[in-house]
Each structure stands twice: as structure tokens, then as C-alpha cells.
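Below is one structure; the comments refer to it alone.
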Amino acid sequence: MAYETIIVEVENHVAQITLNRPDALNALNDELMKELADALSAAQDNEKVRCIIITGSEKAFAAGADIAMMKDKSFVEAFSGDLFTPETDQIMRVRKPIIAAVSGYALGGGCELAMMCDFIICSETAKFGQPEINLGVVAGIGGTQRLTRIVGKSKAMDMNLTGRFMDANEAERSGLASRVVPCKKLLEEANAAAQKIAEKSMISVMVVKEAVNRAYEVPLREGLLFERRMFHSLFATEDQSEGMSAFLEKREAQFRDK
Ligand code: HXC
């Protein structure tokens, strides 16, 4: 499928999806969200892809949902249209890991999209925020929920109530970003992380993703049980045998996703 608002490149087992609406700082509109969800599903189905990166431009990862698109909506249109819900559901169904590589603005829906990814690597110029309050609305796809679970109540309230932006260092300190790197190195670093992941057994990788995400959904005791049972299950794989043998034989493991 030819895309108008994103660019997809697949190289060395990594699918890189670049949000590409430069005139609107990559604001998320229907078309972009549909194309993004479609590209992610395609990456999920493509056996060559073992890790996915979502990125934007140097100036903006995404400056939020497209305000021009939303401005004249009535309540009924907003409610029955259920903006971005099918697309975000589709994004959440992707079982391969997704890294958000964030430079510049990640605001509103942009910050929320980054939080839907499995982890965020950001550049020194990154600015995260939930400024919907300035528009007379509130976050709609995770800004009050995922952000609170990630950075805690105090910072989530601060960002959602005042609309202030968090810079890269604060984002890393707060656990929103896993690493901060110089702007010019952002994609190199994200790709290096993706390559590292691509070398692992895909089965373990998908189990990690499921298990960590489960920590946000279930009580600790249930999560620990799920983790332990998944640990036990992996002893049914050839990759467990290969990984442990390779360690003891002091060589690199050759995982076959079996
Ligand atoms: C539509 C946007 C946009 C947005 C920027 N643009 N953000 N268009 N929707 N969210 C457009 C501007 O209108 C402008 O177009 C061009 O991009 C450049 O933006 P400027 O404002 O001129 O740039 P700058 O002065 O550098 O300011 C950057 C900025 C600012 C701080 C990021 O653009 C800004 O505050 N944007 C809105 C951020 C926001 O409120 N996000 C939350 C949206 S609500 P022209 O044509 O004039 O050049 C949301 C809800 C999600 O995300 C829930 C969904 C269910």
C-alpha cells in the first residue's frame, strides 16, 4: 500500500515508520492513524521484521491530534466517531516490540502514541506534554491513564492540569523515556537497540512484551504467576536449549524462533 502521511522502510529486520506531515508537525489525523495502524499490522505479518521503530522529524515526533480536523465536531460526532479508537486498538495488538524514537514535540496524542510504544528513546530536544487543557478538552488516548502509571500521580496531574512540557532529562528521570541521546544520534541509537532485540529469540521477545504489559493490567500476584509460568513454558523451546548451551560453550547463541 502506498502511504501519503508516513514513510515505511524495512532494513535488517527492522521496520522504521516515519510520521510525515511536516506542515502540521506530524499532527495525527484520520489518514495518518489509519496508515500507521495498517503499516504496523503489515510489520506484524512480515516475517522479516523483528522490531519496529516509530519516529517523526527533528522538530516533532507529533504535535498531537489534528486540531483543525477536530475543531467543528459536535459531541455526537466525537462520541459516535470514537476518534482513533480502532487504530489504537490495532496498535495495541502488535506483538512485536515497538520503539518510539522521539525528537522535538511529542504533545497530546503524540505523547500518547509514544506511550503506546514499548519504550521511548528520545533526543535532547524532546518535549513531552498533555496540553489538551489549553484547548478546553482533556487527553483522549492515554494521557491521563498511561502517563499516570508511568510517571505517577503528581507529575501526571501537573502535566495534564497545567499543560506544561517535560524536557528530555525530566522525561528520563521520570521513567517516561528509557534513554536520552544527542539529536543527530537518535535514529542510530534506536536502530542499535532494535538490532539488539532482533538478535534475540522472537518467542522470548514476545513473552517479555506480554509480561511487562501485563504488569499494568493485573495485580502483582497474578502478574508474577504469569511471568513464572511463561518462564517455565520457555523450557519447551529449542531456543532455551540453544541459549543456555551457547553460554556454557562460550559462543554466541543462534536463535531460530523455535
Ligand atoms: C493541527 C498543528 C498542530 C495540531 C501544530 N500544527 N500542531 N495543526 N493540529 N495539533 C500546525 C500549526 O497550525 C502550524 O500550521 C504548523 O503546524 C507549525 O506550528 P506552529 O504553531 O507555527 O509552530 P511553533 O510556533 O514552533 O509551535 C509548536 C507547538 C504548537 C508548540 C507544537 O504548534 C502547538 O502548541 N501545537 C498544538 C499542540 C497541542 O495542543 N496538542 C494537543 C492536540 S489535542 P500553519 O499552517 O500555521 O503553518 C490532542 C488530543 C488527543 O492531541 C486525543 C485524541 C483522541
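For ligands, and for the atoms within them, numbers begin at 1 and follow the listed sequence. No hydrogens, no waters, no symmetry mates; every other heavy atom, side chains included, goes into these values.
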If we only count heavy atoms from C-beta on, is the Thr5 to Leu19 side-chain gap below 4.5 Å?
-> no
Hey, is atom 34 (C) of ligand 1 under 4.0 Å from any protein heavy atom?
-> no
Is atom 13 (O) of ligand 1 close to the protein, meaning a heavy atom under 4.0 Å from it?
-> no
May I ask you to check if ligand 1 and Ile67 share an N or O to N or O distance below 3.5 Å?
-> yes
Under 4.0 Å from atom 41 (N) of ligand 1, do we find at least one protein heavy atom?
-> yes
Should the proximity of Met70 to ligand 1, defined as any heavy atom under 4.0 Å, be assigned to the side chain, the backbone, both, or neither?
-> side chain
Decide if atom CD of Glu227 counts as having more than 12 heavy atoms of other residues, nucleotides or ligands within a radius under 6.0 Å.
-> no
Check if Lys59 has a non-hydrogen atom at a distance under 4.0 Å from any atom of ligand 1.
-> yes
Per-atom contact, atom 47 (O) of ligand 1, protein heavy atoms, under 4.0 angstrom = no
If you measure every N/O of Phe84 against every N/O of ligand 1, is any gap under 3.5 Å?
-> no
Contact check, Lys127 vs ligand 1, heavy-atom distance below 4.0 Å | no
Determine, stepwise, if the pair Glu172 / Arg179 fulfils salt bridge (Lys or Arg N to Asp or Glu O under 4.0 Å).
-> CA-CA 6 Å; Glu172 190 195 23; Arg179 343 178 175 172; over 6 Å; no
Single-linkage hydrophobic cluster Leu186~Leu113, side-chain heavy atoms < 4.5 angstrom | no
With distance as the sole test, does His13 use its side chain to make a donor-acceptor pair with the main-chain N or O of Lys48 at under 3.5 Å?
-> yes
Counting only non-hydrogen atoms of the protein, does one fall under 4.0 Å from atom 30 (C) of ligand 1?
-> no
Would you confirm whether any non-hydrogen atom of the protein falls under 4.0 Å from atom 6 (N) of ligand 1?
-> yes
Partner of Asp118 under salt bridge (charged side-chain N to carboxylate O under 4.0 Å, His left out), chosen from Arg95, Lys96, Lys209 = Lys209
What class does the angle between the rings of Phe79 and Phe75 fall in, given that below 30° is parallel, 30 to 60° is tilted and above 60° is perpendicular?
-> parallel
For Gln130 and ligand 1, answer yes if some heavy atom of the residue is under 4.0 Å from a ligand atom, otherwise no.
-> no
Would you say atom 21 (O) of ligand 1 has a protein heavy atom nearer than 4.0 Å?
-> no
Would you say atom 26 (O) of ligand 1 touches the protein, meaning some protein heavy atom is under 4.0 Å from it?
-> yes
Does Asn46 use its side chain to pair, donor to acceptor, with the backbone of Ala42 at less than 3.5 Å?
-> no
Asp23 heavy atom under 4.0 Å from ligand 1 | yes
Charged tip of Arg149 within 45° of Tyr216 ring normal and under 6.0 Å | no
